[in-house]
**Student:** 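Just passing along the structure, written as structure tokens.
Atom set for the values below is all heavy atoms of this structure, side chains included, hydrogens, waters and symmetry mates excluded.
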Amino acid sequence: MSTQVLYRTSATATGGRDGRSVVEDGSLDIKLTTPRELGGAGGAGNNPEQLFAAGYSACFIGAMKFVASQGGPKVPADTTVKAIVGIGPRSEGGFGLDIELQVALPGLARADAEALVAKAHQVCPYSNATRGNIDVRLTVV
């Protein structure tokens, strides 16, 4: 399967989970800190799971807006997506992610909201990247 790339960016990390990550144009320069739960010091900074959660939640709203533009129900202005990202050892070895998306679509009928979320999950690039690798639980709240 090929992708027609319309936008490309890059970020460079140094120091791993206790370092920095900077995007190519310098608009994001973030200090990375390993959480205590993973053996780190915690403290000021962010970790890759937080960045993944921020990106996935924002992208999923974009996917719902795309579905709406194709004839789906309108996405309310106060829509929220909370991405909950967990990390831990896998029974097969190595580490894996656990993801839940909690989607709030105020004012939308539950059936319409569930249909919109299901369709968005089929077009969202984060959902497509994780499909078959990570179970992503979708919850309409």
**Student:** Quick check: are there more than 12 heavy atoms from other residues, nucleotides or ligands sitting under 6.0 Å from CD of Gln4?
**Tutor:** no

**Student:** Report the C-alpha distance between Gln102 and Thr139 in whole Å, list the side-chain angles of each, state the deciding distance to 0.1 Å, and finish with yes or no for side chain to side chain donor-acceptor pair (under 3.5 Å).
**Tutor:** CA-CA 5 Å; Gln102 295 177 351; Thr139 306; 5.7 Å; no

**Student:** How long is the straight-line distance from CG of Leu28 back to CG of Asn46, given to the nearest 0.5 Å?
**Tutor:** 9.0 Å

**Student:** Give a yes or no on whether Leu138 and Val103 share a hydrophobic cluster (residues Ile, Leu, Val, Met, Phe, Trp, Tyr; joining criterion: side-chain heavy atoms under 4.5 Å apart).
**Tutor:** yes

**Student:** Can you name the closest pair of heavy atoms from Ala68 and Lys74 and give their distance?
**Tutor:** CB-CA, 4.3 Å

**Student:** Could you give the distance from CG (Leu38) to OG1 (Thr33), rounded to the nearest 0.5 Å?
**Tutor:** 12.0 Å

**Student:** Just so I know, are the side chains of Val141 and Lys82 near enough to count as touching, which here means a heavy-atom distance under 4.5 Å?
**Tutor:** no

**Student:** Does any N or O in the side chain of Thr14 come within less than 3.5 Å of the main-chain N or O of Gly19, such that one atom is a donor and the other an acceptor?
**Tutor:** no

**Student:** When hydrophobic residues are tied together by side-chain contacts of less than 4.5 Å, even through go-betweens, does Ile61 share a cluster with Phe52?
**Tutor:** yes

**Student:** Do Val136 and Leu101 have side chains that approach each other closer than 4.5 Å (heavy atoms only, starting at C-beta)?
**Tutor:** yes

**Student:** Please find the pair of heavy atoms, one from Ser57 and one from Val81, that lie closest to each other, and give the distance.
**Tutor:** CB-O, 3.2 Å

**Student:** Can you tell me if CG on Asp135 sees more than 12 non-hydrogen neighbours from other groups inside 6.0 Å?
**Tutor:** no

**Student:** Would you compute the distance between atom CG of Asn47 and atom CZ of Arg17 and round it to the nearest 0.5 angstrom?
**Tutor:** 6.0 Å

**Student:** What's the shortest heavy-atom distance between Leu32 and Gly16, and which atoms?
**Tutor:** CD1-O, 3.4 Å

**Student:** Could you check Val75 against Leu105 for side-chain contact (heavy atoms from CB on, under 4.5 Å), going step by step and ending with a plain yes or no?
**Tutor:** CA-CA 7 Å; Val75 176; Leu105 293 152; 4.2 Å; yes

**Student:** Could you tell me if the side chain of Tyr56 sits less than 4.5 Å from the side chain of Val85, heavy atoms only?
**Tutor:** no

**Student:** Can you tell me how far apart CZ (Arg90) and CD1 (Ile87) are? Round to the nearest 0.5 Å.
**Tutor:** 11.5 Å

**Student:** Taking Ile99 as the starting point, is it possible to reach Ile84 by hopping between hydrophobic residues whose side chains are less than 4.5 Å apart?
**Tutor:** no

**Student:** Distance-only criterion, 3.5 Å: show the donor-acceptor pairs between side-chain atoms of residues 111-126 and protein atoms not counting sequence neighbours.
**Tutor:**
from	atom 1	to	atom 2	distance (Å)
Glu114	OE2	Arg110	NE	3.1
His121	ND1	Ser127	OG	2.7

